[in-house]
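Notes to accompany the following structure.
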Amino acid sequence: MSGTPLVDDCGRGRTLVIDFSSPNIAKPFSMGHLRSTSIGNALSRIYAALGWKVVRINHLGDWGTQFGKLICAFRLWGERERLEKEDIAYLMELYIRFNDAAKADPALDDAARAAFKELEDGGAEARELWQVFRDASLREFERIYGILDVSFDSFAGESFYNDKVDGAVRTIMDAGLASTSEGALVVEMDEGSKEPPCMIRKSDGATTYAARDLAALFYRQKEYAFDRLLYVVGAPQSLHFRQVFTVLRKLGLAWHERCQHIPFGQVLLEGEMMSTRRGNVIFLEDVIKEAESRALEKMLANAVSDDESGSEDSAPSVDISQATDEQRARARILAVSSIIFFDLKNGRIKDVDFSWDEILNPHGETGIYLQYAHARIHGIMRKFEDRTGLSIDEIRRTTPVITEDASWPIFDAISLLPDKAAYAAENNEPPVIARWLLDLASAFSTYYRANKVINEDNPALSRERMAVVLSVREALAQGLQLLGIRPLDRM
RNA sequence: GCACCAGUAGCUCAGCUGGAUAGAGCAACAGCCUUCUAAGCUGUGGGUCACAGGUUCGAGUCCUGUCUGGUGCGCCA
């Protein structure tokens, strides 16, 4: 723990259930998946800091016709050894191959639907394949979540609700809300509303996305008795959530008001939606690797120009393979910081066009800038006691005496955090914290340039400035953590 | 066709719920490393806040309409 909490625990005693990340199984983690993950993770941390009890749910897309496709593809071309060795990459290959083949031969789609029906009916072989696919995918996701420092309390995905859907449908029918339309079971929206009805059972009797979400809602309300339920899901699904929440309201369930869809804009590639199937997709790990090697390069170059006091204007050539494990670990955290921050610095609802140049840019309003400010304070701390003979701990424990005008803008910036955190939670907008961090880091950077903290001749000044800088460090660390970013002590 | 979302500097965006001369970053240009990390700091140029009305003492912010763009619209999830 880093000292006293900087935000009020106004959410004490309340429970938040937050559904985020929720990737579809059998596809590698793409930049498209990152948004829900980073926004959801940041919101989880912000609410938790405000005292809420937070239940993080990864509603895995581990059910549906797509598994019929995978099962079919595996029966046609599958090799166990490759699956075990290549995990998710192999699954994706099969998935793409199947989709291509189905374009030429539509009968394959029927076979896929049949295979999914087998799965739903509990066919042993289909079930076994599904389990293998799911396990392989989950292993891969857990690895990525480890890199991102994201965790979940539950991975109960769509398959988990398979045996709960009938109950949910029955509840809706018993309430007299369901009607039959073109052979399917639907709930009509409000009188006079132009919204299409919510379909809860297909004409062939199969369950729908909406029915599974309703089953999940009933289950979560019973299991967690939440005060708020957030769905961090892309904006294109707005209609779906309006329909589902309307069904809750029509059932007379007062808690429908506690459920909220938190939409966000899509990550586009050259103006188009990313699609694993079409192959125009950027994988998260490729971005992390590129950012990491650039960070390492800079890190090693800095170390070189540090040793040779000569002016090394043109970047010295460095050999990344010489990096220590410790340097690699730092570079990775820095890479992840810049990617997460890039995702969180702007309003949720905006679409973002993916650009290597922008996401890898080390200058300006970036995660790197924030980490740099934090690391520089640690740099001062490492030298302070030897040079001044003063104790950091002692300064930390003492109420600072403020005499310099330059100190005030810093404390003013810091003092905004509680309001920002409350506002960020109320509006479910992590970027509010991101913008506050940039303001604080910018104020600090200016201060840092103009006010040397270590001053051997003036202990009183050293004390005051150290107190200022320690407060900045704590606030930066706290803000970064609210966004799910691990602060670095050294760069 | 209907619904939802958006439109602020060349580009990417803030603008915390109506308050004074609209702010950052990137890009461009000009400066700053013998002193705590230059992944930084300082400065310059750049805006009819899509358009038109309305409410108000006051509108980038609220209302109406128009235009432009994005997304979605029962048997995918």
Side-chain angles (χ1 to χ4, degrees), chain A residues 22 24 61 63-66 69 109 113 158 181-187 193-210 212-213 233-240 242-243 263 265-266 268 271 273 294-295 298-299 301-302 305-306 309 311 334 338 342 345-347 349-353 355 357-358 361-373 375-384 387-388 416 419-420 422-424 426-427 429 431-432 434-436 438-439 441-442 444-456 462 465-466 469 490-491:
Chain A
S22 311
N24 285 335
W63 206 246
T65 313
Q66 52 181 330
K69 290 185 182 180
D109 282 330
R113 272 189 284 275
E158 293 189 68
S181 166
E182 298 173 35
L185 205 59
V186 302
V187 176
S193 157
K194 286 166 182 163
E195 305 248 293
C198 178
M199 184 166 61
I200 55 174
R201 177 163 278 162
K202 302 176 193 173
S203 53
D204 68 356
T207 63
T208 64
Y209 181 43
R212 286 199 282 278
D213 258 0
V233 179
Q237 296 195 48
S238 296
L239 175 60
H240 163 74
R242 278 204 305 277
Q243 291 177 319
Q266 305 298 288
L268 307 174
M273 290 248 240
R294 290 192 187 201
K298 177 68 181 162
M299 215 175 263
N302 287 350
S305 56
D306 230 28
S309 48
S311 61
L334 199 53
S338 41
F342 182 78
K345 77 174 168 185
N346 292 331
I349 204 69
K350 307 261 182 188
D351 286 347
V352 288
D353 209 343
S355 146
D357 284 347
E358 281 183 42
N361 185 0
H363 303 290
E365 299 173 325
T366 64
I368 290 177
Y369 180 69
L370 302 177
Q371 291 283 22
Y372 190 57
R376 288 210 284 190
I377 296 174
H378 273 273
I380 300 171
M381 290 165 67
R382 280 190 291 272
K383 296 179 175 170
F384 184 80
R387 296 254 213 108
T388 63
L416 296 175
D419 278 355
K420 297 290 179 183
Y423 184 83
E426 232 19 72
N427 296 280
E429 281 280 16
V432 171
R435 290 287 153 189
W436 169 79
L438 287 171
D439 288 345
S442 172
F444 164 74
S445 295
T446 302
Y447 179 88
Y448 176 88
R449 204 66 191 151
N451 304 281
K452 287 277 180 273
V453 173
I454 297 173
N455 189 323
E456 284 92 341
S462 291
R465 291 181 178 176
M466 189 40 132
V469 150
R490 194 187 290 269
M491 279 175 65

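Just so it is clear, the model here is predicted, and its values are computed rather than measured. So you know, we letter chains A, B, ... as the sequences are listed, proteins then strands, and number each from 1.
For the P atoms, the distance from rG72(B) to rC63(B) is 26 Å, rounded to whole Å. The same atom, C1', is picked in rU44(B) and in rU56(B); the two are 38 Å apart, to the nearest Å. If you take atom P in rG70(B) and the same atom in rC75(B), they sit 24 Å apart, rounded to whole Å. Comparing the P positions of rU8(B) and rA14(B) gives a spacing of 10 Å, expressed to the nearest Å. Taking atom P on both rA3(B) and rG47(B), the two are 38 Å apart, rounded to the nearest angstrom. If you take atom P in rG54(B) and the same atom in rA59(B), they sit 12 Å apart, rounded to whole Å. rG18(B) and rC13(B) have their C1' atoms separated by 22 Å, with the value rounded to a whole Å. A distance of about 11 Å separates the C1' atoms of rA9(B) and rG23(B), rounded to the whole Å.
Using a 4.0 Å heavy-atom criterion, one finds that Gly347(A) contacts the sugar-phosphate atoms exclusively. Counting non-hydrogen atoms under 4.0 angstrom, Asp109(A) reaches nothing in the nucleic acid. Backbone-only contact: Lys194(A) has heavy atoms under 4.0 Å from sugar-phosphate atoms and none from a base. Among the heavy atoms of the strands lying under 4.0 Å from Lys383(A) are primed sugar atoms or P, OP1, OP2 only; no base atom is included. Within 4.0 Å (heavy atoms only), Leu334(A) reaches at least one base atom of the nucleic acid. Heavy atoms of Ala235(A) sit nowhere under 4.0 angstrom from any nucleic acid atom. Residue Lys345(A) is classed as having no contact, given no heavy-atom separation below 4.0 Å to the nucleic acid.
Here rC26(B) is the nucleotide among rC41(B), rC26(B), rC36(B) with the atom lying nearest to any side-chain atom of Asn361(A). The side chain of Val453(A) has rC36(B) as its nearest neighbour among rU12(B), rC36(B), rA3(B). Of the candidates rC41(B), rU37(B), rA3(B), rC41(B) carries the atom nearest the Ser445(A) side chain, counting heavy atoms from C-beta on. Minimum atom distance to the side chain of Ile368(A) is reached by rA39(B), of the listed rA39(B), rG70(B), rC36(B). Taking only side-chain atoms of Pro236(A), from C-beta outward, the nucleotide of rG72(B), rC41(B), rU17(B) with the closest atom is rG72(B). For Glu365(A), the listed nucleotide lying nearest its side chain is rG25(B); candidates were rG25(B), rC36(B), rG40(B). When each of rA38(B), rU17(B), rU42(B) is scored by its nearest atom to the side-chain atoms of Tyr448(A), the top-ranked nucleotide is rA38(B). With rC2(B), rA39(B), rA6(B) as the candidates, the nucleotide lying closest to the side chain of His363(A) is rA39(B). Considering only the side chain of Arg242(A), rC4(B) comes nearest among rA38(B), rC4(B), rC36(B).
Using a 4.5 Å cut-off on side-chain heavy atoms (C-beta onward), Cys198(A) and Thr208(A) make no contact. Two residues are said to be in side-chain contact when any heavy atoms from C-beta on lie closer than 4.5 Å; Val469(A) and Tyr447(A) meet this criterion. Considering only heavy atoms from C-beta on, Met466(A) comes within 4.5 Å of Ile380(A) through its side chain. Looking at heavy atoms from C-beta onward, Arg490(A) lies out of side-chain contact with His378(A) at the 4.5 angstrom threshold. The shortest distance between side-chain heavy atoms of Met299(A) and Asn302(A) does not fall below 4.5 Å.
If you measure from atom CD of Glu358(A) to atom P of rG25(B), you get 15 Å, rounded to the nearest angstrom. Between Asn451(A) atom CG and rU35(B) atom P there is a gap of 17 Å when expressed in whole angstrom units. When rounded to the nearest whole Å, the span between CG of Asp351(A) and P of rC4(B) equals 18 Å. If you take CD of Glu429(A) and C1' of rA14(B), they are 12 Å apart, rounded to a whole angstrom. Per the geometry, CZ belonging to Phe444(A) stands 10 Å off P belonging to rA38(B), to the nearest Å. Look at CG on Asp357(A): it is 14 Å from P on rC26(B), rounded to the nearest Å. The CG atom of Leu438(A) sits 14 Å away from the C1' atom of rA39(B) (whole-angstrom rounding). Look at CG on Asn346(A): it is 14 Å from P on rG25(B), rounded to the nearest Å.
Asn455(A) places no side-chain N or O within donor-acceptor distance of the main-chain N or O of Ser462(A), the cut-off being under 3.5 Å. In this structure, Glu429(A) contributes its side chain and Gly347(A) its backbone to no donor-acceptor pair below 3.5 Å. Formation of a donor-acceptor pair under 3.5 Å by the Arg113(A) side chain with backbone atoms of Thr65(A) is not found in this model. Put simply, the side chain of Thr366(A) gets close to the backbone of Tyr369(A): a donor and an acceptor are under 3.5 Å apart. Arg201(A) places no side-chain N or O within 3.5 Å of a backbone atom of Val186(A) that could act as its donor or acceptor partner. Remark: the backbone N or O of Gln266(A) is paired with a side-chain donor or acceptor of Asp351(A) at under 3.5 angstrom. One N or O on the side chain of Ser445(A) and one on the backbone of Ala441(A) form a donor-acceptor pair closer than 3.5 Å.
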Distances under 3.5 Å between nitrogen or oxygen atoms of protein and nucleotides 73-77 of chain B:
from, atom 1, to, atom 2, distance (Å)
rG74(B), O6, Ser181(A), OG, 3.0
rG74(B), N1, Glu182(A), OE2, 3.3
rC75(B), O2, Ser203(A), N, 2.6
rC75(B), O2, Ser203(A), OG, 2.9
rC75(B), N3, Ser203(A), OG, 2.8
rC75(B), N4, Glu182(A), O, 2.4
rA77(B), OP1, Thr65(A), OG1, 3.4
rA77(B), OP1, Lys202(A), NZ, 3.2
rA77(B), OP2, Lys202(A), NZ, 3.1
rA77(B), O3', Glu158(A), OE1, 2.5
rA77(B), O3', Glu158(A), OE2, 2.6
rA77(B), O3', Arg212(A), NH2, 3.4
rA77(B), O2', Glu158(A), OE2, 3.4

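Annotated as anti: rC13(B), whose O4'-C1'-N torsion sits more than 90° from 0. In rG65(B) the O4'-C1'-N dihedral to the base is more than 90° from 0, which defines an anti nucleotide.
Residue whose closest nucleotide on RNA chain B sits further toward the 5' end, between Gly364(A) and Arg382(A): Gly364(A). Heavy-atom nearest nucleotides on RNA chain B were determined for Arg490(A) and for Val432(A), and the one closer to the 5' end corresponds to Val432(A).
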Q: Apply side-chain contact (heavy atoms from CB on, under 4.5 Å) to Leu185(A) and Met199(A), showing your working.
A: CA-CA 6 Å; Leu185(A) 205 59; Met199(A) 184 166 61; over 6 Å; no
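With pairs defined as Watson-Crick or G-U wobble and both atom distances under 3.5 Å, the stems of at least three pairs that touch RNA chain B come out as B:1-7 with B:67-73, B:10-13 with B:23-26, B:28-32 with B:40-44, B:50-54 with B:62-66.
A close approach under 4.0 Å does not occur between any side-chain nitrogen or oxygen of Lys452(A) and OP1 or OP2 of rC36(B).
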